[in-house]
Amino acid sequence: MKDKCLEKKNMSIVQSKFGDLLQAYGFSRTKPTFYTRLYDDRIEFIHLHKFRSDSSFRVYSGIRFLFDGLDFVALNGIQANGYKNEYPIHYNFRFHNDIETTTRCANQILLFVENEALPWFTYWRNEDSLLNQQNSPLRVELFSIYKLFQAENQESFLDLISQSKKLLGIKE
């Protein structure tokens with residue numbers, strides 16, 4: 001029991017340190033495991049998932065379009081778990097019961113965000129890529145809504161915008 005309490009405390013330390021580091025990129029911690037930044041048509045997010053069986057994280061990045069009607073946050077971006085990586089750098093998202101590994105873990109998560117997630121977010125800000133790439137985070141059924149959202153007054157989307165913000169913990 002004591003080990004689990006210490007693990008939870010150290011998990012919180014990693015999340016807090018990571019949140020502090022991520023502020024330089026315009027992200028805010030809006031839920032315990034979600035870090036977000038808001039744009040006119042979307043919310044870019046980083047989500048930290050702590051594995052139950054281990055003192056380590058899986059890191060997700062994703063985009064929630066403000067006009068999306070899903071009642072959950074789709075994890076539609078890239079991810080890494082620190083074990084098996086498809087990236088040039090081997091990221092280590094493990095931590096132990098000491099301050100050095102919690103700091104290293106937070107820094108490694110930030111390194112993943114800097115090297116992988118931020119360029120991924122930038123790529124999907126290009127409308128041509130967003131609408132024409134097969135692996136786009138914008139679901140095909142939202143293409144026409146995206147075009148309406150870009151062209152019209154957003155007042156007709158206020159309920160969807162509010163829902164999207166609420167799902168990711170962004171206060172209005």
Side-chain angles (χ1 to χ4, degrees), residues 1-39 41-66 68 70-126 129-130 133-139 164-171:
M1 182 68 167
K2 184 177 176 182
D3 287 345
K4 282 294 177 191
C5 289
L6 186 56
E7 181 183 63
K8 188 173 182 175
K9 176 184 172 203
N10 287 326
M11 174 189 74
S12 294
I13 291 170
V14 171
Q15 292 169 325
S16 179
K17 285 180 183 206
F18 173 65
D20 292 344
L21 294 167
L22 202 55
Q23 285 179 354
Y25 296 99
F27 285 84
S28 299
R29 187 175 182 187
T30 53
K31 287 187 134 185
T33 62
F34 279 90
Y35 307 81
T36 63
R37 64 181 178 185
L38 181 63
Y39 285 86
D41 65 345
R42 68 190 69 193
I43 302 166
E44 295 176 345
F45 66 86
I46 305 294
H47 169 57
L48 300 184
H49 170 78
K50 169 39 188 82
F51 289 105
R52 286 185 185 173
S53 61
D54 193 15
S55 296
S56 65
F57 290 95
R58 172 171 283 145
V59 183
Y60 294 94
S61 62
I63 298 171
R64 169 71 183 210
F65 292 93
L66 293 175
D68 193 334
L70 289 178
D71 60 358
F72 59 91
V73 177
L75 301 176
N76 59 2
I78 59 173
Q79 62 177 297
N81 62 21
Y83 294 117
K84 183 180 114 187
N85 285 302
E86 60 273 12
Y87 304 104
I89 296 172
H90 175 76
Y91 299 103
N92 183 354
F93 304 146
R94 289 176 177 252
F95 62 93
H96 303 290
N97 294 332
D98 58 82
I99 197 69
E100 292 82 18
T101 62
T102 58
T103 299
R104 181 205 26 81
C105 183
N107 287 329
Q108 285 282 296
I109 295 169
L110 181 68
L111 188 63
F112 169 78
V113 169
E114 291 172 332
N115 291 334
E116 316 298 341
L118 293 177
W120 184 84
F121 289 135
T122 300
Y123 180 80
W124 293 116
R125 284 190 216 118
N126 177 296
S129 298
L130 192 63
Q133 295 292 318
Q134 186 175 3
N135 60 340
S136 174
L138 181 64
R139 298 187 327 277
S164 291
K165 288 178 177 179
K166 182 177 180 183
L167 284 170
L168 284 161
I170 297 173
K171 306 223 184 307

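One-based numbering along the sequence shown.
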Please check if the side chain of [X] supplies one atom and the backbone of [Y] the other of a donor-acceptor pair under 3.5 Å.
X: Lys31; Y: Leu167; value: yes
X: Tyr35; Y: Gln15; value: yes
X: Asn97; Y: Asn10; value: no
X: Thr30; Y: Ile170; value: no
X: Thr102; Y: Ile99; value: yes
X: Ser136; Y: Leu130; value: yes

Atom [atom1] in [X], atom [atom2] in [Y]: separation rounded to 0.5 Å?
X: Phe34; Y: Leu48; atom1: CZ; atom2: CG; result: 9.5 Å
X: Lys166; Y: Ser164; atom1: NZ; atom2: OG; result: 12.0 Å
X: Arg37; Y: Gln23; atom1: CZ; atom2: CD; result: 13.5 Å
X: Lys165; Y: Arg64; atom1: NZ; atom2: CZ; result: 12.5 Å
X: Thr36; Y: Leu168; atom1: OG1; atom2: CG; result: 6.5 Å
X: Ser12; Y: Glu7; atom1: OG; atom2: CD; result: 10.5 Å

Compare all side-chain heavy atoms of [X] with those of [Y] and state whether any distance is below 4.5 angstrom.
X: His49; Y: Thr33; result: no
X: Leu110; Y: Tyr25; result: yes
X: Phe121; Y: Ile46; result: yes
X: Arg139; Y: Asp68; result: yes

Identify the two heavy atoms, one from [X] and one from [Y], that lie closest to each other, and give their separation to 0.1 Å.
X: Ser61; Y: Trp120; value: OG-CE3, 4.0 Å
X: Cys105; Y: Val14; value: SG-CG1, 3.8 Å
X: Gln79; Y: Phe112; value: C-CZ, 4.0 Å

So, do Phe57 and Phe95 have ring centers that fall under 6.0 Å from each other? yes

Measure up the Phe93 and Tyr91 rings against each other and bin them: parallel (under 30°), tilted (30 to 60°), perpendicular (over 60°). parallel

Among pairs that include at least one residue of residues 101-125, which meet salt bridge (charged side-chain N to carboxylate O under 4.0 Å, His left out), considering only residues two or more places apart or in two chains? Glu44-Arg125

List in chain and number order the residues that pass salt bridge (charged side-chain N to carboxylate O under 4.0 Å, His left out) with Asp20, two or more places apart in sequence or in another chain; answer none if no residue qualifies. none

For His96, side chain to side chain contact (heavy atoms under 4.5 Å, CB included) partners two or more places apart: Asp98, Thr101

Would Phe51 and Asn81 count as a side-chain contact (heavy atoms from CB on, under 4.5 Å) here? Give the steps. CA-CA 9 Å; Phe51 289 105; Asn81 62 21; 4.0 Å; yes

Please determine whether side-chain contact (heavy atoms from CB on, under 4.5 Å) holds for the pair Phe45 and Leu75, giving the CA-CA distance in whole Å, both sets of side-chain angles, and the decisive distance to 0.1 Å. CA-CA 9 Å; Phe45 66 86; Leu75 301 176; 3.9 Å; yes

